[in-house]
Undergrad: 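Input: one structure, supplied below.
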There are 2 protein chains.
Amino acid sequence: MPNITLKKIAEILGISVATASKALKDYADISDETKQKVKSLAEELDYKPNSFAQSLRNRESKIIGLIAPQIVHHFFANIIKGVIDAAEEQGYLVITLQSGESYETEKKQLQLLLDKNVDGILISLSDKTINYDHVADIIKKGVPVVLYDKISKLLDCSKVIIDDRKAAYDATKFLIDTGCKRVAHIRGPLKPQTTIDRFLGYKSALKDNNIEYNESLVFETKDLTYDDGYGIAEGIFKSDEDIDGIFAFTDLLATGAMVRLTELGMKVPDDISIIGFSNWFLTKITSPPLSTVDQPGYEMGVKAFKLLYREIQEKKKDVNSPKEIIKIPTKVIPRNSTRPML
Amino acid sequence: MPNITLKKIAEILGISVATASKALKDYADISDETKQKVKSLAEELDYKPNSFAQSLRNRESKIIGLIAPQIVHHFFANIIKGVIDAAEEQGYLVITLQSGESYETEKKQLQLLLDKNVDGILISLSDKTINYDHVADIIKKGVPVVLYDKISKLLDCSKVIIDDRKAAYDATKFLIDTGCKRVAHIRGPLKPQTTIDRFLGYKSALKDNNIEYNESLVFETKDLTYDDGYGIAEGIFKSDEDIDGIFAFTDLLATGAMVRLTELGMKVPDDISIIGFSNWFLTKITSPPLSTVDQPGYEMGVKAFKLLYREIQEKKKDVNSPKEIIKIPTKVIPRNSTRPML
DNA sequence: GTATTTACCGAAAACGTTTTCGGTGATTTA
DNA sequence: TAAATCACCGAAAACGTTTTCGGTAAATAC
């Protein structure tokens with residue numbers, strides 16, 4: 001079945017393709033009568049403009065690209081959902097790709113999106129990415145790019161991030177406020193900025209509460225897995241430091257640690273309080289339910305798209321407003337792995 | 001910066017656009033010398049063919065559409081990942097959309113994808129979808145469509161599904177084999193086929209093991225939420241039926257029920273054994289860890305794409321092989337919410 | 001030495017849309 | 001009545017690619 005085109009409509013009506021096109025777009029130099037005829041015939045034949053032709057002519061695809069390190073991940077899935085919803089509202093569709101935390105695939109996928117002529121790109125850097133030229137290059141080329149969550153300060157573009165430092169500060173302070181004296185920190189892998197920021201937030205909360213920072217209370221992880229948290233708990237249990245609180249880099253680490261410490265006979269939260277990070281679904285159903293920091297992924301996705309959308313519009317009009325960095329506020333969610341506030 | 005096109009390459013080299021195009025595609029009627037010149041200049045200038053022009057000319061977008069009821073969902077996220085990976089391998093990109101279990105948006109999004117001229121569509125029906133014309137129409141139009149997970153028998157197209165009936169049979173049999181005498185079933189909402197199939201699997205496992213089916217051992221849910229499972233547990237606890245095993249429609253329901261039953265003083269698995277369905281991540285960290293049925297989402301996504309890919313290829317060649325229905329095998333994952341096998 | 005094949009290239013149409021730039025005839029204005 | 005305005009429409013170029021169909025020169029065949 002041959003597709004129905006403007007040409008066909010024009011032929012049937014005995015007018016030119018140009019007139020048909022303009023009629024559908026309500027150009028002023030087309031009579032109301034012709035407009036009506038074209039519109040109703042288009043309706044009747046269920047005419048759909050060919051998007052390739054439109055894109056070719058208008059130089060825009062109405063598609064954006066989205067790269068996430070992982071898709072099967074509560075936080076990122078929420079972001080993706082937010083992006084898709086916000087995009088759809090503006091008539092944009094989203095091509096999603098995942099780097100799998102690999103620099104090479106991240107680079108390759110960026111190119112795939114560019115090859116498809118997406119109107120803009122939303123990207124969260126992989127943990128392994130230490131060279132940013134692949135992103136810098138496309139920014140330089142004028143492609144609208146917005147970074148979200150895993151960002152780099154070296155990249156000159158708009159960004160949406162969690163205020164990790166403040167969030168970590170709040171979490172740590174919450175432990176202190178609920179009676180913890182010696183708070184440990186299970187930190188993430190060294191590289192990403194989030195690790196550093198949460199660590200700094202932890203440190204400054206200690207400082208502000210007159211607790212001396214003690215390096216041996218900081219435990220490092222590489223994998224961010226449940227098993228990792230589970231393993232690290234051994235060290236915390238055996239430590240001589242009288243640890244009575246843990247601020248973990250993620251809920252998963254916290255959960256792993258909590259399970260192991262419980263197995264080892266410690267009571268949570270009385271012997272040791274634990275707070276995670278992200279408010280993933282699982283935190284509601286651990287025993288005890290895990291206190292955590294809510295990291296609003298959906299909102300982040302929406303904001304990221306809106307930033308990108310603005311840039312896309314501005315590019316069309318050839319204006320250039322300054323880059324923006326949005327910090328999404330977080331909130332401590334107290335549950336039963338920490339003691340109640342006094 | 002103006003994009004670099006075939007025309008530009010041709011001009012620089014003093015040849016025609018046609019020759020340039022053919023050189024890049026290794027046409028036999030172009031001399032090796034010209035091919036080399038064109039290729040190296042293209043390389044040097046970083047020439048990227050304009051995808052709109054290609055799509056317009058070739059009538060294919062190398063993009064497929066994917067509609068899922070939910071994105072923030074372990075099972076679907078895995079499927080999406082599988083689809084994206086498999087697609088990328090064949091040079092396809094994926095536009096993902098979520099219906100949010102709404103028939104109206106499902107319908108609308110199908111249209112959005114069609115308007116973008118995707119080469120094919122992968123769709124999992126929303127729970128609320130009871131009219132299938134919107135899908136049937138595009139199948140009739142010749143658009144390659146493959147249904148996955150939430151399917152309808154009324155739709156004539158290829159499908160990829162979990163063998164729900166067998167999976168439920170296995171899960172129920174597993175409870176019986178580990179000593180349960182009176183196995184309850186928390187079933188899903190009435191409509192979707194999965195609910196029915198799992199229920200039938202449950203029933204026939206009972207029958208094959210000479211246990212009489214008892215309607216009052218079947219509990220219905222609407223929401224599939226943790227809270228739903230939690231609430232239903234009340235009824236199970238208060239029941240006079242001496243229930244000693246539960247096969248729940250999903251892990252979440254199972255977890256909710258398990259938590260509530262534990263609160264009510266029952267010991268899992270000794271007083272009551274529980275098995276869930278899906279092997280979501282959370283099952284590893286409940287206490288006790290939840291026995292479940294593994295539902296391989298990733299594999300399902302891969303298979304679904306491959307089916308779709310085949311149809312797309314066949315459509316190009318104008319051949320028409322019969323529709324295929326793939327059933328993905330599942331596996332019982334024994335953990336500690338059920339008793340050990342004797 | 002003519003006829004035929006071979007090797008290589010290009011003109012042009014096509015995909016379907018959008019928009020510019022005139023160009024009609026009809027109506028107003030001076 | 002001539003000149004200016006108006007309302008309406010269409011031809012054609014453009015977006016960048018692909019492919020068909022010749023066409024020309026050189027190489028081979030007879």
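Note that these values count all heavy atoms, side chains included, but never hydrogens, waters or copies made by symmetry. Below, read A as the first sequence line, B as the second, and so on, with proteins coming before strands; counting in each chain starts at 1.
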Undergrad: For the pair Lys159(A) (side chain) and Leu147(A) (backbone), establish whether a donor and an acceptor sit closer than 3.5 Å, ignoring hydrogens and angles.
TA: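 Checking the backbone N and O of Leu147(A) against the side chain of Lys159(A), no donor-acceptor pair under 3.5 Å is found.
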
Undergrad: Under 4.0 Å between any heavy atoms, over every strand shown, what does Thr19(A) touch: base, sugar-phosphate, or nothing? Just pick one.
TA: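 Base: the residue Thr19(A), judged by heavy atoms under 4.0 Å, touches a nucleobase.
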
Undergrad: Which is true for Phe52(A) with a 4.0 Å heavy-atom rule: it touches a base, it touches only sugar-phosphate, or it touches nothing?
TA: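 Counting heavy atoms under 4.0 Å across all strands, no contact is made by Phe52(A).
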
Undergrad: Just the rounded figure in Å: distance from C1' of dG16(C) to NZ of Lys22(A).
TA: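 After rounding, the reported distance stands at 17 Å.
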
Undergrad: Rounding to a whole Å, what distance do you find between Lys7(A):NZ and dG10(D):P?
TA: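 Interatomic distance, NZ of Lys7(A) to P of dG10(D): 16 Å.
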
Undergrad: Among all residues two or more places apart in sequence or in another chain, which pass the side chain to side chain contact (heavy atoms under 4.5 Å, CB included) test with Glu104(B)?
TA: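 For Glu104(B) the side chain to side chain contact (heavy atoms under 4.5 Å, CB included) partners, ignoring immediate neighbours, are Ser102(B).
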
Undergrad: Taking N and O atoms by type only, does the side chain of Asp29(B) place a donor or acceptor under 3.5 Å from a partner on the base of dC8(C)?
TA: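 Absent.
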
Undergrad: For DNA chain C, whose closest nucleotide is more 5', that of Ser16(B) or that of Thr5(A)?
TA: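 On the 5' side of the pair lies Ser16(B).
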
Undergrad: For a quick test of reading the model: is some side-chain N or O of Tyr27(B) closer than 4.0 Å to OP1 or OP2 of dA7(C)?
TA: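 No, Tyr27(B) has no side-chain N/O under 4.0 Å of OP1/OP2 on dA7(C).
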
Undergrad: Please report, rounded to the nearest Å, how far the P atom of dT18(D) is from the CG atom of Leu6(B).
TA: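 So the two atoms are 6 Å apart, to the nearest Å.
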
Undergrad: Would you say Asn58(A)'s side chain and Glu60(A)'s backbone share a donor-acceptor pair under 3.5 angstrom?
TA: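 Pair absent, no side-chain N/O of Asn58(A) close to backbone of Glu60(A).
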
Undergrad: To the nearest Å, how far apart are Gln54(B) CD and dT17(D) C1'?
TA: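 So the CD-C1' distance, Gln54(B) to dT17(D), works out to 7 Å.
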
Undergrad: Just call it for Ser31(A): base, sugar-phosphate, or nothing, with non-hydrogen atoms closer than 4.0 Å on any strand.
TA: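 Contact class for Ser31(A): sugar-phosphate only.
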
Undergrad: Is any side-chain N or O of Ser21(A) closer than 4.0 Å to OP1 or OP2 of dT18(C)?
TA: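 Answer yes for this pair, as a side-chain N or O of Ser21(A) is under 4.0 Å from OP1 or OP2.
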
Undergrad: How many Å lie between CG on Leu56(A) and C1' on dT18(D), as a whole number?
TA: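 My rounded result for the distance is 13 Å.
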
Undergrad: Could you state the CG-P distance from Asn58(A) to dG16(D), rounded to the nearest angstrom?
TA: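 Those two atoms, CG and P, are 13 Å apart.
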
Undergrad: Looking at Glu88(A) and Lys108(B), is any side-chain nitrogen of the basic one under 4.0 Å from a carboxylate oxygen of the acidic one?
TA: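 Between Glu88(A) and Lys108(B) there is a salt bridge, with a charged N closer than 4.0 Å to a carboxylate O.
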
Undergrad: Please check this pair: side chain of Glu324(A) against backbone of Ser158(A), looking for a donor-acceptor N/O pair closer than 3.5 Å.
TA: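 Checking the backbone N and O of Ser158(A) against the side chain of Glu324(A), no donor-acceptor pair under 3.5 Å is found.
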
Undergrad: Tell whether Arg57(A) reaches the base of dT17(C) with its side chain through a donor-acceptor pair below 3.5 angstrom.
TA: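 Side chain to base: no pair below 3.5 Å.
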
Undergrad: Would you say Arg59(B) reaches dG16(C)'s phosphate, i.e. side-chain N/O to OP1/OP2 under 4.0 Å?
TA: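 The answer is yes; a side-chain N or O of Arg59(B) sits under 4.0 Å from OP1 or OP2.
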
Undergrad: For Ile15(A) and for Ala53(A), locate the closest nucleotide of DNA chain D by heavy-atom distance; then report the residue assigned to the nucleotide nearer the 5' terminus.
TA: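 Result: Ile15(A).
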
Undergrad: Report yes if at least one side-chain N or O of Thr34(A) is closer than 4.0 Å to OP1 or OP2 of dC9(D); otherwise report no.
TA: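 Looking at the OP1 and OP2 atoms of dC9(D), one of them is under 4.0 Å from a side-chain N or O of Thr34(A).
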
Undergrad: To the nearest angstrom, how far is Asp32(A) atom CG from dA7(D) atom C1'?
TA: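 It is 11 Å, rounded to the nearest whole Å.
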
Undergrad: Atom CD of Glu11(B) and atom P of dT17(D): how far apart are they, to the nearest Å?
TA: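 Taking CD of Glu11(B) and P of dT17(D), I get 12 Å after rounding.
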
